[in-house]
Structures are given as C-alpha cells and as structure tokens.
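Data first, discussion second: the structure below is written as structure tokens.
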Amino acid sequence: MQYNHLDIEKKWQKFWKENQTFKASNESDKPKYYVLDMFPYPSGAGLHVGHPLGYIASDIYARYKRHKGFNVLHPQGYDSFGLPAEQYAIQTGQHPAKTTEENIATYRKQLDAIGFSFDWSREVRTSNPEYYKWTQWIFIQLFDSWYNKDTDKSEDVSTLIKIFKKEGNANVKAVSDEEITIFSADEWKAFSKIEKEEILLQYRLTFLSDTEVNWCPALGTVLANDEIVNGVSERGSHPVVRKKMTQWSMRISAYAQRLLDGLEKIDWPQPLKDSQTNWIGRSQGAMVSFNVDTGSEKSSSELKLTYKELEVLKELRQNLSKAETSLWDELKNKKGASKFRKKYTIGTFLVDYVCIAKNIIVEFSGKEDEAARTEFFNNEGFNLIRFTNEEVIENVLGVVSKINSAIQFPKAIEKTESKNSVTSSPVKKSYKIDVFTTRPDTIYGVSFMTLAPEHELVSKITTDAQKVAVEKYITATAKRSERDRMADVKTISGVFTGAYAIHPFSEKKVQIWIGDYVLANYGTGAVMAVPCGDQRDYDFAKHFEIPIPNIFEGVDISEVAHTGKDGTKIANSDFLSGLKYKKALKLAIFEMEKRGFGYGKINYRLRDAVFSRQRYWGEPFPVYYKDGMPQMIEAEHLPIVLPKVEKYLPTEDGKPPLGNATEWAWDSRGKKVVSNDKLKNKTVYPLELNTMPGWAGSSWYFNRYMDATNSKEFASKESLEYWKEVDLYIGGSEHATGHLLYARFWQKFLFDKGIVPVDEFAKKLINQGMILGTSAFVYKTTAFVRNGCGCSDEKSNDDILNKIPTVIVSKNLFSSDDEFESVVKNYLLDNNFLNPNFADLIMITKTALHADVSLVNTSDELDVEAFKNHALNSEYKNAEFILEEGVYKVGREVEKMSKSKYNVVNPDAICLAYGADSLRLFEMFLGPLEQAKPWKTSGISGVSSFLKKLWKLYFNGETFEVSDEAPTKDALKILHKTIKKVEEDIENFSFNTSVSTFMIAVNELTALKCNTREVLTPLTVLVSPYAPHIAEELWSLLGNKESISAVDFPVFEPKHLVESAKNYPISFNGKMRFTLELPLDLSKEEIEKRVMENEKTITQLEGKNPKKLIIVPGKIINIVL
RNA sequence: GCUGAAGUGGUGGAAUUGGUAGACACGCUGGACUUAAAAUCCAGUGGUCAGUAAUGGCCGUGCGGGUUCAAGUCCCGCCUUCAGUACCA
C-alpha cells in the first residue's frame, strides 16, 4: 500500500475533531502544562508558510508533553480588532465584523489542514462582545485603582478616599499626576462631587490627560509616529501637526520598577529582556531647580519705588508680626506649584504672601489702599484673599485650608476697566526651571540651559528683543513630527530666549536657549547643559559660541566632550573639586537636598501609555460623561457593544468615527445605550467616542483561555488557580516592547487586585525566527538614446525606441551591466529590432523585476508563457525573452515574505502536494527555531521521501507486515539512540536536529531491513509529535484502537547503547591521521602500547620519538612530535 | 551612535564539557530502471596538489593575534551582516 497523505490526513483530522481528542479539562490527576502561541490577526491575505512555524513548534511540544503524561492546555484564538478591517470598511462600506468573520473562516481552514492539536472549544476572539465585555471590565478595574507606593501595589480607590477623609493627601505616596495640590481632611469633605472626581482622576491607573499627539486634520485622526513620513501622513500626504488632545492614558509608569524586577524571574530570551530593559530605561540622577533671573534692570524701571521705600520694605520683610509669622510657618512648607513667597513686590505694591504659579495673593486686611490694591492685582490676574490678624491667630489651620481651596479651585477674576492705567505695565514674575540630570556631579560645568521649544516657560521668559526669533523657531519645529526631529540629528538649531537662569550653586547667570534636541516629553523638557561632559551640549555650545568651561582634571576638551565617568576627577567645582564621579555624585545630591533646590531621583524613559484611538474597529470604552467628568458604567451592564455607524470615517467636525452613531448615549436610569435624541433628558449622557487600542484585548487573553466560556467571570478562581500561568509561550520578537510589556503590566495589576494568582503570565518564552521568502527576479531592459548623440530630432529618437521591444534576459547570460547591454544589443541586431547604424546611440539598462514564485520551478526555470499571461504582467505580454539552453533562469534573492514581492508561499498548496506532515517536518528541518531562515520549497522533497521511507518500514510491498520476532541488537541500538536524542532535542527546542535524527534512524533501520514490532511501535510514538497523521495511521495499523496522542513516550534504556570498543581518532600534533578500533576497557598504558606498536603510527613517526602522548580514554589520542 | 544576535561547502544547516569539521538534507554529477518523463534506487560531491589507480600531501569554520597536546568552540583586537532602538539629558 502506498503512502497517501491526502486520505490519511483528512481521516485523522476528522477523527480528532469528532472525538475532541485535544479538549483540555480543568481537572486532572496529571500535572498541568500550558502551551500558548501568540494568537494571529486574521488578515485578508490568509496564512503563508512563515506563520505556522511557531505553531508547529508549540504543537510538537504540546503533543510531546501529552505523551509525557501532562494535562496540556493548547488553545488558539484571534486578535480580531484592527486597522486593516477598518480601512477595508472605509473603502467598501462592508462592516468590519463581516470581513473579520470571513478571514477567520479562512484561517481556521488553513490551520486545520496542518493538523494542530488545538483545543478549539476555548477559542477567543477579541472583537467578540462576550470577550471584550471583560476587556471593558478590566478597564473599569484600572479606573477604580491607584498605585500606593507605600505598599508597592495597586489598591482600590476606596482606600485612597478613606485616607483623604481621615487625613487629607499630604502623606499619600502614590504614582499620580505631577503637581498635586495638598489638602486636608476637612477640605476634602468640603469639596464638591466634581472637585473630588477631578482629584481622584489624578491618581487613577487609567486617567484622562492632555497628551501631545500627531494630529492630521485632513484625516481627522491621531497618527502614530510610524504613520508619518517626512512630516506628512503616510496615507494621502496630508500635513500633520502636533496638538494637545484629551486622551485616556494608562499609568504603566507606576509599574516601571516591577516590570524591570520581574524580568529576573522569567525564562525569556535575553535580547527580548534587554529590549524591555532599554525601553523602560531606568536612569538614576537628580532633579535640580534653576531660578530664572528676573532681570534687575527691568524691574527697577517698572517699580516706582524710591530707594528709601525699598529700604523700608526690606526691613518689613525681616520684622514680621506674630500673626504673620504664624501663617508663614504654615505656608512656607508648600512645595512645587503651590510654593508661597512672603513680602513680595507686585507692581508698586508689597504683598504679604504670593503664590506665583497659582496667581494667588494672601494679605492681611486693614491696609489703607485696599481698593486700589484689589483693582491692580485683579487686573494683573491675581486672586486675592484677605484675613484679619485675629482670624490667623485664632485658627491658622482654617485659614490655610481656605487658601488651599482657593489654590485648587480659583475663582474667575473680574477685571475692572481701570481708568488710570498707570500701573498696568506687565510684571516680571519669578519662574524656575526644573531639570533632570544623570550627572549632578558635573553641575559646575553648566554654561547654559536648553528648553524644548514646547516648554511652557518659553513664552513667559522670552525677552521682547528675542520674541520674533523664538516664535519663528517654535512654528518651524511644530511643523516637524517628533520622529522627523529625532531622525535629523546632524543639524544643530536653537534660539536664545534672552533670559538667564541663576546657577543654584555658583549663582552665576547662564543663558537660556531653546533647541529641538531637547524633547518636550522626556524628563522635564529642559536640560542643564554641560558642554564639556555631553557631546550634544558640546556641539550646541560650539555652534552658538557659548563658553565651554572645563570641569575635568587633566582632560582635553578642545575637540570633543569628555563623556566618560570613571577615573576622572572633577575640577573647578568648588566643594566637588578633586572628587571622582561616584563621590561627587553623592555629595552633589546631598548638597542640593540640603539647600533645597534639588533631590536624587530615578527617572524612567517609559511613558504612560495613550489608550485612546480615534477608530471604529476597537473595544468601546464603558464610559459616559456627566458634567464633563467620566463615569464608569457598572460591570453588570457590560458589554457596551459597538454601535452601528453609517460611515467608518471621522465626523465632519473632527470627532472619531463613533461620533457618526445615532444610538450612542447612556441612559443612566434605564441602564442601557439609547438614541442620541434622548440626550436632552437629564439622566441621559453622551458615551465616550474613542475606542481602545489594539493591545487592549491581547493583554489578558491568555487568562481567558483558562475558562473561555465563562459568562459570569473573567475566568473562574478555580481555573485560574489550576492553570496559573503559561508554561511555554511562542511568538515573534516584534512584540517585545508592545504586547509583551503591556500584558506583563496588566498581569501585575490583576495580581495586585487578587484577580489572578501569579504576577508574570508566561514562565518561558521563545521567539521564533522569521521565515524569509526566496524572491525570483527577471531582468528587463530599458532603452535610452544617448545624450549628445547628434540627433536633434526628438521624434526620430522615439522612432528608434518604439521599434525596440522590452527584452527580458535569462540570469546566467551576463555577469555585469556591460555584458547585459551587449547581450541585449546583439539580440536586437540579430532580430532586426535595431538598425546597426543606431546601435551605438542606444543605451541599455537593466532592471530587476519580481516574478511570482509560483511561476518558477525548483530548478529556477521560469514558465515564460505563464509569466506573459500573468494578470500582473500585462505590460510584458509581448516582451522578448533571451533564453539560455532553451530555458529562462531567474535570479534569486532572499527577502521578507510579502505579497508585493510575489514570493509568498501558501501552506495549503504544500499540504495538498506533499501533506501536512511534510510541511510540519520541513518547517522544523529548515533550521533552529529562533533563527531567521529562507524558505525554498525544493527542499521539501527530502522530508517527503523520509515519510515514504518510514511508511515502507511497516510494509512488505503492498501489505502491512510487522514482525513479532525479537529485534536485533543493532536495531535496538538505533531505536534507543534515537529516543535519547529526540527527547533531548525536544526539551532543548532543537527541532531541526531531531528531524535529522529521524532520518538517520529510518535510513539505518531500512539498511537493516528491520520491521520488528518492538522497534516500530516506539518509533511511531517518537515521530507522532512531528508527523501526527502518519503516526496515527501506522498506530492504528499496528492494531491500536485509541489515538496515539496520549500514549506514553518511549523510555530510553542506556543498556542498549553500551559499546565495547571505540574507533579512536589518532592525531599527530592535533591533526587526525587515522582511526584505530580499540576496546573501551583498556587502561591508558595498554592503549599507549597498542597505539605505539601500530604500523600506521610508526609510519607517521618517521623514526622520531614522540615528545608527549595525550590519551583521553573513550575520546581521542594525540601524539605530540 | 547604543543594545543584541550572527558569520562554517554551491544552498539550508550539524558538531555535547575544547577532542575525527561539514551530520542530515537540498542542489549538482554519474549510473540503474523506463520507449520517454516522473517517481524510485545506487554511487560521488569543501578546495587544491600529486598519482593510471588504490591512495596520499597541503589548505580550510569572516580577518589578525593569543592560550592549549588539541580551538568552529576559550581570550584580545578588528571587519561584515541582520534585528531592535534612537538627540533619554
């Protein structure tokens, strides 16, 4: 009987399906093992041979583990939300759900044809409402949580509210928005509902924030950096501007340190861990504040105070009343934006206290000129609060809390139209610039500062003289995308703001510049420039002729900056001089903390993740807006299902596609989505119009497989407790800083909340390498008339060229462009396409053109007729082909497999021609799993003939015939050698070498003519994970009724491999000359004797005496001459 | 630039702890079978030199050094390719 892969594979695929062979149970006496693939996005193009590589590897491992007695969970599903389906919908009006459904059907058919042992009863689809119901639920959990730095985990917001009620927020250590205002418990209680919600939003793990994004007005959407090319949109080349938009964000930064720490306990590839480490980008340094110089000349011209008056004021500053002192004791502790200054001059007035960042003035009442003061301060944009002396002395805390609430919720200021505008000239306020530096030790090397052009202080500190230049520069940079700016590293650009900062230690003035090498969204968007120690600062300083002070001992900085840290001593740096990096760093931080303008800080590159997309085909948020504040819809009303829309484009007024929905309002009383008409009602509110990004659904799907059909819970406690985590996860390395980081983040969050039992979701991960395509090329001519040829008449040129057909030349007919030209010219002349008189006028160039690989056979020969008639080659229908030895040979090149390169190989065709088992074996045989490797279909004949040989072992001609005789010693040796190697290989994920081991075994058993049951039975099980269909068939032919899938793996018995002799390589000076068979039980002395008396040894020695004799028993003998 | 991975025949790739480099395949060459082709089977196949031949010599794992009885494997210094990331202060 011949091996017929078509019948066998169909038969067993049907058997597995009908018998639910691979259905995993959540209860078992066996140990559990969870093997997972990264689920695919079902694209319209279907699978190519590169996609199943990882699935085959994981399938082999899953099947192997079943043989080894494990209860294996091996599920599959679809990451089915995504852009391509949406774009198709925009073009065709087809609902993305429909396209997605169709694509999934194709995928399923293709996957089934390869014979995977997936438990399809647990399939998930991220676009299925029954699935995204729980994605929405997790979003709500994130919204309801805050990160407590004290317990170092996420906690419910209710615990935060409890603290607020008890003691306010002064002692709360949380990962939150920056610039949080401090309030007391009483103040908290006094806040309105909306005020409370605003405050809580600053703490929640998912929160609304104004984020700078790439906005494309023409497309009405935000674009990711990689969707922008040369400053315009990739699609349609529309201009893109940077814009602040309110977006949902995820506070992944809260988990930065734990995401780093967690890497140590998971068995993931080092390169992948490295790229996550880089991405998180922890750097240790210090935050330093530089005060902006207010400019003494300017203030003196504005302040109409006489010298004498100033003297009086100074005195007042030092002599405070009791009430003043007591209030100042409270106010002086305020930090950041709420910082207060005392006895400060605003205009011509000296105010008691002022918070400049929040525009609040606090004064004692009873001053003579109160009315004039109020009018002036209000016109300057200040809020004014007055207290009496008595109020302060009796209840200073009450006063402070009133001040706090004024800071938190400033009242609108009523400006009076002042008739006498004497005092209306703008007042120079005081600002400070915060910077982060990893080198606080070099602070004395600061000779200027640079702000990002977007920095909020830029407009405030720029002097009138520099205003025009600065504005010009800002508009110029705003036009460039962030990526653009970053790509262009060479051009140094920047503008001086005219303002100066005060060096906190030396108190010298340093210039403040803006420059686009400083990024607005990294660190604070400002740097202290140390040109002698940083190359970018150095280049900037050189370019703009800013001084470059040298603060390194004995280092030449005339050409480049000195960026090394170790071994160099700091110089010219006051108290830091003479110290080395480590000590200087510590001392610098210590000093700044002591003096109060800086502190040690760890900074992470990792940014909070923007979670809103202006797309249709994604998870809707379970969010509606009441009085502008986001409200979560209660979990029991989920899922909030995507509404129907007429158009999938953004609305005309720039709202996301969901803005087109007519039924997209939340009835908070009826607890359901209702028509937008009802928005007039008091209890009906608008729903969120953004949708979630692609990574939402994929960040937790591995948990859902554990209990995929549960409609009451995300997954039951028992199932989560049983399966715990993925034991083996296989997928591409392209997800290193996307999916794999977000999924770890969500898992840690879910762990903190007690929802999942482990905080890392995948114990071991393997990245499969990409399978590359082998593209085929044909070489096409383009003919030109040489310039300066003497034919001035354009028309005659055209005539000559028109007669020349497109010529396509076989690959081996030329080795250079010149040769190509002469081959083509000779052909044209021979065939009268070209007049010999014009031959020298014509120039021929070569273009390589992709040819569809399906038109090329395994010997690189092109089917010329098929090529001409191919739908894509209509322009070459009449082309002339120059053949070599009667055939056209194509050129080959290895490239990424892609539709546009016509090098895609479809697995269906392979399954049909060679069978799924051949495909599985061949994909593994190509090379190491982790490595990128080119696909060449021709190689599949090797594994295909292996399967035929394997089959033949069990047959005598047409009949199945297996002998029950005892196997020979040699046959047993082959078997056990194979068991050992295959088992080791699978454990090490070295699938390619076990395929060769099978080939060797089958070749050797064939040579021995071995067909004993005792050898063939275990051999069938060995092969089964790799080639399950043929294994099942042979297994049933061997007389078994049950599937082979759960049969015990053969046990290796070392006794069959025990050798009595070894064929020793005998080498001279390390070079092997001949081999010598010697018994293994010989002593070293006996070996030496036998080797030395051997005549081949004597010949090699040529009468010389060996200097040394190395004998490693069982391995090698080396004679040193 | 930084980080990581990798360089072995015509090709994909093997080679355990340093111990016979090129397993297993593809391709190619020759042969058998066939009217022919496909399929199948057999033999050969790193380069080079010598020899009618059997066989033997030399050279060979990106390059240059080193350690060692012995290096594809370990160490030092380069080169190249691929991947990720990028003005990260």
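Residue numbers begin at 1 in each chain, while the letters A, B, ... track the order of the sequences.
Taking atom P on both nucleotides, B/A14 is separated from B/A23 by 13 Å, rounded to a whole Å. Taking the P atoms as reference points, B/A71 lies 11 Å from B/G19, given to the whole Å. With both ends at atom P, the span from B/G44 to B/C58 equals 24 Å, rounded to whole Å. Comparing B/C78 with B/G7, their C1' atoms sit 14 Å apart, to the nearest whole Å. Rounded to the nearest Å, the gap between the P atom of B/U73 and that of B/U8 is 14 Å. B/C79 sits 36 Å from B/U29 when the C1' atoms are compared, rounded to a whole Å. Taking atom C1' in both B/A53 and B/U35, one finds a spacing of 38 Å when rounded to whole Å. As rounded to the nearest Å, B/G57 and B/C2 have P atoms that lie 48 Å from one another.
Here the straight-line distance linking atom CZ of A/Arg605 with atom CD1 of A/Ile280 works out to 10.0 Å at 0.5 Å rounding.
In this structure, A/Gln276 places its CD atom 16 Å from P of B/G4, rounding to the nearest Å. Put simply, CG on A/Leu929 is 18 Å from P on B/A5, counting in whole angstrom units. Atom-to-atom, CD of A/Glu1004 to C1' of B/C24 comes out at 11 Å; the value is rounded to the nearest Å. Regarding A/Leu1109, its CG atom lies at a distance of 14 Å from the P atom of B/A70, rounded to whole Å. Between the CD1 atom of A/Ile280 and the P atom of B/U85 there is a distance of 15 Å, given to the nearest Å. When the C1' atom of B/U40 is taken as reference, atom NZ of A/Lys952 falls 6 Å away, rounded to whole Å. In this entry the distance linking NZ of A/Lys936 with P of B/G27 reads 8 Å, nearest Å. Here the C1' atom of nucleotide B/U11 and the CD atom of A/Glu893 are 15 Å apart, to the nearest Å.
Closest of all the heavy-atom pairs between A/Leu576 and A/Ile570 is O-CB, 3.7 Å. Here the closest non-hydrogen pair linking A/Phe991 and A/Met924 is CB-SD, 3.5 Å. Scanning both residues, A/Tyr522 and A/Ser283, for their nearest heavy atoms gives OH-OG, 3.7 Å. Of all heavy-atom pairs between A/Gln2 and A/Trp951, the closest is C-NE1, 3.5 Å. Of all heavy-atom pairs between A/His503 and A/Val446, the closest is CD2-CB, 3.9 Å. The minimum heavy-atom distance between A/Pro549 and A/Gly445, with the atom names listed, is CG-O, 3.7 Å.
Within 4.0 Å (heavy atoms only), A/Ser941 reaches sugar-phosphate atoms of the nucleic acid but no base atom.
Each of A/Val527 and A/Phe922 lies near RNA chain B, and the nucleotide nearest A/Phe922 is the one positioned closer to the 5' end. When each of A/Glu734 and A/Gln270 is assigned the nucleotide of RNA chain B bearing its nearest heavy atom, the one mapping closer to the 5' terminus is A/Gln270.
With a 3.5 Å limit on both pairing distances and Watson-Crick or G-U wobble geometry required, the stems of 3 or more pairs in RNA chain B span B:1-7 with B:79-85, B:10-12 with B:24-26, B:27-32 with B:40-45, B:46-50 with B:55-59, B:62-66 with B:74-78.
Judged by distance alone, with hydrogens and angles left aside, the side-chain atoms of A/Glu861 form no donor-acceptor pair with the main-chain N or O of A/Lys889 at under 3.5 Å.
Listed pair A/Asn1003 / B/A25 meets the phosphate criterion, a side-chain N or O lying under 4.0 Å from OP1 or OP2. Between A/Arg1073 and B/C58, a side-chain N or O to OP1/OP2 separation shorter than 4.0 Å is present. The phosphate of B/A89 has OP1 or OP2 within less than 4.0 Å of a side-chain N or O from A/Tyr522.
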Quiz item: When you check every protein heavy atom under 4.0 Å of nucleotides 29-34 of chain B, what one-letter string (B, S, -) results, 5' to 3'?
Solution: ------
Exercise. Would you mind building the protein contact string for nucleotides 12-21 of chain B? One character per nucleotide, 5' to 3', B for base within reach (heavy atoms under 4.0 Å), S for sugar-phosphate only, - for untouched.
Key: BSS----BB-
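Residues A/Phe540 and A/Phe448 bring their aromatic ring centres within 6.0 Å.
Closest to the A/Ser996 side chain, of the nucleotides B/U11, B/C24, B/U3, is B/C24. Considering only side-chain atoms of A/Ser275, the nucleotide from B/A86, B/G84, B/G4 that sits closest is B/G84. Checked against B/A39, B/A25, B/A89, the side chain of A/Ser283 finds its nearest nucleotide in B/A89. Checked against B/C24, B/C41, B/A89, the side chain of A/Arg536 finds its nearest nucleotide in B/A89.
Comment: A/Lys977 engages A/Glu1004 in a salt bridge, judged by a side-chain N to carboxylate O separation of less than 4.0 angstrom.
A glycosidic torsion no more than 90° from 0 defines the syn conformation, and B/G9 adopts it.
Counting heavy atoms of neighbouring residues, nucleotides and ligands inside a 6.0 Å radius, atom NZ of A/Lys980 does not exceed 12 of them. Within 6.0 Å of CD on A/Glu456 lie no more than 12 heavy atoms contributed by other residues, nucleotides or ligands. Crowding of A/Lys542 atom NZ: a count of heavy atoms from other residues, nucleotides or ligands under 6.0 Å exceeding 12.
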Quiz prompt | Residue pair A/Lys273, A/Glu264: steps toward the salt bridge (charged side-chain N to carboxylate O under 4.0 Å, His left out) verdict | solution = CA-CA 9 Å; A/Lys273 287 188 186 178; A/Glu264 281 171 27; over 6 Å; no
